[in-house]
Amino acid sequence: DTGVSQDPRHKITKRGQNVTFRCDPISEHNRLYWYRQTLGQGPEFLTYFQNEAQLEKSRLLSDRFSAERPKGSFSTLEIQRTEQGDSAMYLCASSRHAEPYEQYFGPGTRLTVT
Amino acid sequence: AQSVSQHNHHVILSEAASLELGCNYSYGGTVNLFWYVQYPGQHLQLLLKYFSGDPLVKGIKGFEAEFIKSKFSFNLRKPSVQWSDTAEYFCAVSGNTGKLIFGQGTTLQVKP
């Protein structure tokens, strides 16, 4: 199966620590998206890349959050100085560069900040 | 503001009952519409999509949805649900950037 993969699947960290998540998209997809989902809510858009260029960032993405996609393949999402409010499922999706940009989602990384 | 509203948060049905989940959106410009499903313990999967053409679209597992532009709606239907349809269902809209805006989700519980 060559779907979207995410690592780690679960992360427990103490408040104030930094965490980094990785996403590997479907290989022929040049668009990559990050979303955040909290309990009882639908996913919320954070940011997306086309190849290595970050084209849009949500206002949800505070300056403690940074995302990269250095070679246009995998992407990382880093959260610095984590807060309890950062506890959520972080989802990655990828798509081809063509409308309707049908997105395929990975299994997510569940972050718990204690 | 761009938004998606799903009318039902929790639906309980018996097997063989018909299903309709409501979805309304607020979005300027041309839209692409999606329904995603999340089965227990699994990741989000695309159920069906609409981006042009016939407003009645068919997806996997016998699901269909109708895009009614005048009502800004994209309701999901299935004539006869099965226990295996128990899942969470998300309606989503995107425009020309591909960024998805999701509704809150509807939890469907099908009783055998």
Side-chain angles (χ1 to χ4, degrees), chain A residues 1-7 9-10 21 23-26 29-51 53-61 67 88-110, chain B residues 1-10 21-25 27 29-53 55 57 59-60 65 67 74 76 87-107:
Chain A
D1 188 317
T2 56
V4 178
S5 61
Q6 293 187 245
D7 184 68
R9 296 289 303 275
H10 303 274
F21 311 140
C23 171
D24 286 87
I26 294 171
H29 287 180
N30 53 13
R31 284 203 168 191
L32 186 149
Y33 303 79
W34 285 98
Y35 295 85
R36 180 171 68 187
Q37 184 177 21
T38 53
L39 201 61
Q41 302 294 322
E44 293 176 296
F45 170 79
L46 293 178
T47 188
Y48 86 95
F49 294 83
Q50 183 169 300
N51 300 315
Q54 188 173 19
L55 296 187
E56 186 174 346
K57 292 192 292 187
S58 165
R59 56 184 171 80
L60 292 175
L61 214 64
M89 178 75 86
Y90 289 84
L91 299 170
C92 177
S94 68
S95 77
R96 298 181 188 276
H97 175 44
E99 286 209 57
Y101 304 110
E102 185 174 319
Q103 293 176 37
Y104 294 83
F105 282 81
T109 294
R110 181 167 295 285
Chain B
Q2 302 167 348
S3 65
V4 174
S5 174
Q6 291 184 235
H7 309 159
N8 318 97
H9 297 304
H10 197 167
L21 300 182
C23 172
N24 286 90
Y25 66 91
Y27 198 96
T30 304
V31 295
N32 302 308
L33 293 156
F34 306 85
W35 276 96
Y36 280 86
V37 60
Q38 188 165 27
Y39 297 104
Q42 297 187 25
H43 58 275
L44 279 166
Q45 301 173 39
L46 182 65
L47 199 54
L48 48 77
K49 63 182 184 287
Y50 169 83
F51 58 97
S52 67
V57 293
I60 60 172
F67 170 50
F74 190 55
L76 180 71
E88 191 155 18
Y89 293 81
F90 294 95
C91 180
V93 63
S94 73
N96 57 9
T97 67
K99 172 181 78 176
L100 287 169
I101 297 168
F102 284 87
Q104 205 169 4
T106 297
T107 301

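Below, read A as the first sequence line, B as the second, and so on, with proteins coming before strands; counting in each chain starts at 1. Just so you know, these numbers come straight off a predicted model, no measurement behind them.
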Parallel, tilted or perpendicular: rings of B:Tyr36 and B:Phe102 (30°, 60°): tilted
Any side-chain donor near an acceptor of the partner, A:Tyr48 and A:Gln50, under 3.5 Å: no
Which pairs would a plain distance check flag for residues 40-48 of chain B, meaning a side-chain donor or acceptor within less than 3.5 Å of a matching protein atom at least two apart in sequence or in another chain?
from: B:Gln42; atom 1: OE1; to: B:Gln45; atom 2: NE2; distance (Å): 2.9

Chain B contact via A:Leu55 - which portion, at a heavy-atom distance below 4.5 Å: neither
Residues, nucleotides or ligands: over 12 heavy atoms within 6.0 Å of A:Leu39 CG: no
Which portion of B:Thr30 sits near chain A, non-hydrogen atoms under 4.5 angstrom: neither
A:Glu56 versus chain B, the contacting section by heavy-atom distance below 4.5 Å: side chain
Choice from A:Pro43, A:Gly108, A:Ser95, A:Gly40 maximising heavy atom contacts with chain B below 4.5 Å: A:Pro43
Flag, side chain of B:Asn8 to backbone of B:Thr106, donor-acceptor distance under 3.5 Å: no
Which of B:Val4, B:Asn96, B:Ile101, B:Thr107 touches chain A most, by non-hydrogen pairs under 4.5 Å: B:Asn96
Which atoms of B:Lys49 approach chain A - backbone, side chain, both or neither, heavy atom under 4.5 Å: side chain
